[in-house]
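Indexing begins at 1, ligand by ligand and atom by atom, following the structure's order. Quantities reported herein were computed from a predicted structural model and do not represent experimental measurements.
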Amino acid sequence: MRIILLGPPGSGKGTQAQLLVQRYGILQLSTGEMLRAAVAAGTPVGLKAKEIMASGGLVPDDVVVGIISDRIDQPDAKNGFILDGFPRTVPQAEALDELLKRKHLKLDAVIELRVNESALLNRVETRVAQMRERGEEVRVDDTPEVLTKRLASYRSQTEPLIHYYSERRKLSTIDGMMAIDEVTRAIHRQLLALGAVEPKTHARSAAKAAPAKKGKAGKKAKKSAKTAKKAAKPAKKAAKKAVKGAKKASKKTAKKAARKTAGKAVKKGARKAAKKVTKKRAKR
Ligand code: AMP
């Protein structure tokens with residue numbers, strides 16, 4: 001399964017991506033994470049991205065497209081992935097379409113997490129406080145000033161993707177203001193509806209599962225059962241006739257036998273009587 005999570009900073013894309021990773025066993029590909037790693041490692045990409053990221057701007061399209069293209073080619077991405085923070089511009093989305101086509105891969109869905117913008121600042125403040133509590137390093141771009149800039153670039157450069165994917169019938173919008181687990185459930189339901197994930201298979205016997213078959217296969221099965229029933233009708237009729245015939249025949253045979261026995265008995269009786277008469281006459 002290959003999906004994109006779309007939403008402004010603080011909409012919960014990262015959290016949901018991690019939960020989806022646990023649930024479906026696919027990779028989370030976060031361009032933000034990859035760029036932060038490149039910055040920390042001091043690679044050429046990192047050096048290029050460092051200042052842009054710290055100010056809340058967007059790293060050039062060709063840089064992020066290159067990172068994603070290489071990452072998708074790794075063997076661990078074979079089962080699928082969740083793109084978190086990519087694409088962020090229409091040219092990035094076009095480049096992604098192109099590279100997926102080249103690699104013969106299909107995009108299953110684009111999930112937009114829609115949130116109330118006024119709640120975003122609160123969310124990011126909470127995230128920062130929690131990271132500090134855990135003793136984690138806080139992102140340099142998680143400040144109210146930089147967040148305002150990141151939000152502005154989301155609105156102008158990323159929001160057009162909603163139209164882009166909606167036109168291509170790939171977009172599903174989910175209320176990102178719900179509780180975390182409710183959002184996860186809504187995403188799962190959406191993925192099920194799109195056929196991107198398999199429903200949990202229950203331990204049902206084949207015989208029990210068969211009547212539940214729906215769709216083309218189910219219709220076909222129903223039709224062939226009807227045809228079989230129809231085909232069996234003459235055989236049933238013939239069998240009934242045979243039973244009736246056999247009953248009749250056995251009755252006839254029984255009657256005949258009775259008659260025969262009775263006839264024999266009569267003959268025997270008559271012979272006995274005649275013998276008696278002959279004996280009496282001889283005595284006289
Ligand atoms: P994120 O962790 O997704 O919020 O990304 C952090 C920062 O990395 C962004 O503010 C951008 O500067 C940069 N970045 C991440 N993904 C992209 C992308 N797809 N295109 C351009 N810049 C990106």
message = Side chain, backbone, both or neither: which applies to R36 and ligand 1 if a contact is any heavy-atom pair less than 4.0 Å apart?
response = side chain
request  = Please report which non-hydrogen protein atom sits nearest to atom 8 (O) of ligand 1, along with the residue it belongs to and the distance in Å to one decimal place.
outcome  = M53 CE, 3.4 Å
key: Atoms in ligand 1 flagged as close to R150, the criterion being non-hydrogen separation under 4.0 Å   = 4 (O)
ask   = Of the protein's non-hydrogen atoms, which lies at the shortest distance from atom 1 (P) of ligand 1, and what is that distance?
value = R88 NH2, 3.4 Å
task = Mark up the atoms of ligand 1 that fall under 4.0 Å of a heavy atom belonging to T31, in ascending order.
result = 15 (C), 16 (N), 17 (C), 19 (N)
message = Are any of the N/O atoms on E33, whether in the backbone or the side chain, positioned under 3.5 angstrom from an N/O atom of ligand 1?
response = no
key: Main-chain N/O of L58 paired with R88 side-chain donor or acceptor, under 3.5 Å   = no
ask   = Considering G85, A49, G14, G32, which one's heavy-atom position lies nearest to atom 19 (N) of ligand 1?
value = G85
inquiry  = Test salt bridge (Lys or Arg N to Asp or Glu O under 4.0 Å) on D141 and K149; report intermediate values, then the result.
reply    = CA-CA 10 Å; D141 57 352; K149 193 159 176 218; over 6 Å; no
query = Which bit of K13 is near ligand 1, meaning a heavy atom under 4.0 Å away: side chain, backbone, both or neither?
reply = neither
query = What is the minimum heavy-atom distance between T89 and L161, and which atoms define it?
reply = O-CD2, 3.5 Å
ask   = Is ligand 1 under 4.0 Å from a heavy atom in the side chain of L35, in the backbone, in both, or in neither?
value = side chain
query = How about L47: does its CG atom have over 12 heavy atoms from other parts shown lying under 6.0 Å from it?
reply = yes
Interfacing atoms of ligand 1 (cut-off 4.0 Å, heavy-atom, D141) = 6 (C)
ask   = For the side chain of T31 and the backbone of G85, is there at least one donor-acceptor N/O pair under 3.5 Å apart?
value = yes
query = Hey, is the main chain of P144 close enough, under 3.5 Å, to the side chain of T148 for a donor-acceptor pair?
reply = yes
message = If I apply the N/O under 3.5 Å rule, does V59 come out as touching ligand 1?
response = yes
ask   = Do any nitrogen or oxygen atoms of V64 lie less than 3.5 angstrom from nitrogen or oxygen atoms of ligand 1?
value = no
Test item, G57 contacting ligand 1 (heavy atom, 4.0 angstrom) = yes
message = Among D84, L83, L19, L5, exactly one meets side chain to side chain contact (heavy atoms under 4.5 Å, CB included) together with Q28. Which residue is that?
response = D84
query = Which distance, rounded to the nearest 0.5 Å, do you find between the CG of L27 and the NZ of K78?
reply = 13.0 Å
key: Over 12 foreign heavy atoms within 6.0 Å of CZ, R132   = no
remark   = So the atoms of ligand 1 within less than 4.0 Å of a heavy atom of Q92 turn out to be 18 (C), 19 (N), 20 (N), 21 (C)
message = Checking contacts here: is it the side chain or the backbone of D61 that comes within 4.0 Å of ligand 1, counting heavy atoms only? Could be both or neither.
response = neither
inquiry  = Just to be sure I read this right, does ligand 1 sit under 4.0 Å from the backbone of M34, its side chain, both, or neither, counting only heavy atoms?
reply    = neither
Flag, side chain of R2 to backbone of D108, donor-acceptor distance under 3.5 Å = no
